[in-house]
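Read through the structure below, which is laid out as structure tokens, and then see the notes.
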There are 2 protein chains.
Amino acid sequence: MSQTVDRALSILPLLAEGPADLGQVADRLGVHKSTALRLLRTLHEHGLVYRQSDQRYRLGARLIALAQEAMENLDIREIAHPHLVRLNEQCGHTVHLAVYEEDEVLYIDKVESRYPVRMYSRIGKPVAITVAAVAKLLLADLPEAERRSRADKLDYPLYTARSTPNAPAFLKELERVREQGWATDLGGHEESINCVAAPIRGADGRVVAAMSVSAPNVVVTADELLTLLPLVRRTADTISGEYSGKTPVKEVTP
Amino acid sequence: MSQTVDRALSILPLLAEGPADLGQVADRLGVHKSTALRLLRTLHEHGLVYRQSDQRYRLGARLIALAQEAMENLDIREIAHPHLVRLNEQCGHTVHLAVYEEDEVLYIDKVESRYPVRMYSRIGKPVAITVAAVAKLLLADLPEAERRSRADKLDYPLYTARSTPNAPAFLKELERVREQGWATDLGGHEESINCVAAPIRGADGRVVAAMSVSAPNVVVTADELLTLLPLVRRTADTISGEYSGKTPVKEVTP
DNA sequence: CTGATGGGTTGCATTCTCTGCAACGCTCGT
DNA sequence: ACGAGCGTTGCAGAGAATGCAACCCATCAG
């Protein structure tokens with residue numbers, strides 16, 4: 001809608017790939033160097049972009065701080081956190097909390113496994129949307145039409161032999177997840193890692209977040225992990241209750 | 001430099017305080033509602049801003065993901081992380097890694113204490129710059145003039161009775177820290193929490209980051225914590241060595 | 001030492017984008 | 001049913017952003 005701002009903001013994902021100098025930025029934006037310079041300067045003033053000693057630009061610290069604040073006023077996170085910790089204390093595995101927003105599913109909280117062998121993941125990292133158990137729950141709750149159109153637009157990378165291969169398979173899986181009210185990812189992302197997940201719902205019954213317990217095969221088998229399902233669901237329901245009682249800020253679907 | 005972008009970016013910190021509706025944003029920017037709307041739309045397209053069901057705007061998930069990427073290509077972090085973990089395994093306390101950038105000091109990595117009583121902090125959160133041990137190290141390394149001018153511009157909140165009270169005291173402390181090559185914070189931020197910190201240096205000897213070990217009084221006394229100093233310094237030196245050997249990307253001082 | 005190259009930076013005239021306005025539409029609540 | 005409050009849109013004018021060209025200042029080669 002606003003060309004100048006649009007260009008300026010396009011610089012951010014570009015720099016997220018790694019530092020770049022003025023020329024590179026100008027080229028990739030398709031604008032004159034002087035224009036790029038002024039945009040970068042403005043971003044710099046706001047601390048979103050930082051200049052290294054070699055004159056190249058990279059993303060700035062302010063961005064990290066902003067993101068931090070962004071997460072801190074997500075109500076779900078505040079409410080869910082203690083419950084995630086408790087669940088972790090009970091089962092010892094990695095616990096994740098994720099939300100769906102604008103075509104992305106991302107982790108907004110995490111409690112680390114207490115076993116020495118842990119899965120890799122990071123808060124803020126977008127999730128493998130076609131295979132992650134939490135992603136299935138979040139997408140399964142979208143209205144039919146929406147779900148279908150999203151599914152068609154996605155890529156289906158074959159992380160492993162058990163990854164969701166294509167849109168029809170994904171939609172079928174979503175249907176199943178929708179009916180049973182929980183989801184799993186059995187080696188669909190990393191061969192040796194399994195997850196079980198349950199939805200967190202707002203006052204209107206819509207899924208606002210999803211939580212999961214993940215563990216590698218070497219620690220527990222998929223079957224053993226599944227025995228935790230009731231506990232996970234109970235925790236999710238408790239959070240749902242607390243959440244809908246308190247601040248029913250549901251998110252609009254785009 | 002660029003008015004439009006400037007205005008658009010000013011929206012972000014504003015929304016960081018909490019969700020706001022169009023009118024509020026327009027007011028605080030001092031522009032017409034239609035202008036604010038168009039700016040917000042552009043931010044929205046880039047996922048930096050999100051619209052809740054109640055029509056209010058808040059910071060978007062893309063921002064969190066961007067910040068994540070920003071952190072992931074901070075080389076120091078990559079290099080330091082395993083060492084921080086090892087240190088944590090040795091002493092059990094909370095370990096932090098912080099950098100200085102554009103008038104802010106912020107944590108870019110953290111390994112949680114293994115004791116039940118933990119201090120509160122979060123990656124990405126700006127640090128109490130006048131009292132934190134890591135902040136002292138990072139500021140102490142600035143050139144004299146720079147240090148003085150920064151010190152004058154700062155606020156000196158009295159978190160506790162032992163907080164740094166004013167600029168002269170701060171400068172004196174920085175001088176001391178500079179000479180001894182390490183720093184402490186003994187109850188200057190939270191009455192019952194102490195820290196010891198050591199600098200991480202690049203190939204040119206400039207301080208590029210600082211790391212600290214923090215623990216509450218109830219776990220170890222300040223004296224006991226100080227016995228960890230050699231270990232902390234050794235760890236920092238190891239990281240320094242590895243860092244300057246590899247990618248000596250030092251940061252320009254603004 | 002000199003000249004050339006390549007990057008960043010600045011001043012300026014032109015143009016195009018953004019702005020504010022006013023009218024419209026919509027959803028509440030009365 | 002009606003009005004108030006908010007978000008939204010079309011438009012014309014104003015002002016801001018753009019690209020150009022010249023400039024600066026390193027670095028490097030001859």
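Any value given below was found using the heavy atoms of this structure, including those in side chains, with hydrogens, waters and symmetry copies removed. In what follows, chains are A, B, ... by sequence order, proteins preceding strands, each numbered from 1.
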Point to revise | Donor-acceptor contact below 3.5 Å, side chain A:Gln24 vs main chain A:Asp21 | key: yes
**Study point:** Student check: side-chain heavy atoms of A:Val99 and A:Ile76 closer than 4.5 Å
**Key:** yes
Point to revise | Within-4.5 Å side-chain heavy-atom neighbours: A:Leu87 and A:Leu84 | key: no
Point to revise | Rounded interatomic separation in angstrom, taking CD1 from A:Ile11 and P from D:dA17 | key: 14 Å
Exercise for review: For A:Arg41 and C:dG8, give me the distance from atom CZ to atom C1', rounded to whole Å.
Suggested key: 9 Å
Review point. Between atom CD in B:Gln3 and atom P in D:dT18, what is the gap in whole Å?
Key: 12 Å
Practice item. Spell out yes or no: do the side chain of A:Arg56 and the base of C:dG7 have one donor N/O and one acceptor N/O closer than 3.5 Å? Key: no
Check your understanding: For DNA chain C, whose closest nucleotide is more 5', that of A:Tyr57 or that of A:Thr4?
Key -> A:Tyr57
Exercise for review: Side-chain contact test, heavy atoms from C-beta onward, threshold under 4.5 Å: evaluate it for A:Leu137 versus A:Val177 and give yes or no.
Suggested key: yes
Review point. Side chain of A:Arg38, base of D:dG19: donor and acceptor closer than 3.5 Å?
Key: yes
Practice item. Please report, rounded to the nearest Å, how far the P atom of C:dT10 is from the CG atom of A:Leu37. Key: 7 Å
Check your understanding: Any side-chain heavy atom of B:Arg201 within less than 4.5 Å of one from B:Val208?
Key -> no
Review point. Checking all strands, does B:Ser34 fall into the base, sugar-phosphate, or nothing category for heavy-atom contacts under 4.0 angstrom?
Key: base
Review point. Do A:Asp109 and A:His96 have side-chain atoms, one donor and one acceptor, less than 3.5 Å apart?
Key: no
Check your understanding: Are B:Glu101 and A:Arg62 side-chain neighbours, meaning at least one heavy-atom pair lies under 4.5 Å?
Key -> no
Check your understanding: Starting at CZ of B:Arg51 and ending at P of D:dC6, how long is that distance when rounded to a whole Å?
Key -> 14 Å
Practice item. Check the distance between C:dG7's C1' and A:Lys33's NZ and give it to me in whole angstrom. Key: 6 Å
Check your understanding: Hey, what bend do you get for the helix from C:dC1-D:dG30 to C:dT30-D:dA1 if you fit axes on five pairs at each end, rounded to 10°?
Key -> 30°
Point to revise | Selection from C:dG20, D:dT8, C:dC12 that lies nearest to any side-chain heavy atom of B:Arg7 | key: C:dG20
Review point. Does a donor on one side chain sit under 3.5 Å from an acceptor on the other, for B:Tyr50 and B:Arg56?
Key: no
**Study point:** Exam field: side chain B:Asp155 to backbone B:Pro157, donor-acceptor pair closer than 3.5 Å
**Key:** no
Review point. How long is the line joining CG of A:Leu39 and P of C:dT9, in whole Å?
Key: 13 Å
Check your understanding: Which residues within residues 16-32 of chain B lie with some heavy atom under 4.0 Å of an atom in DNA chain D?
Key -> B:Asp21, B:Leu22, B:Gly23
Check your understanding: How many Å lie between CD on A:Gln55 and C1' on C:dG8, as a whole number?
Key -> 7 Å
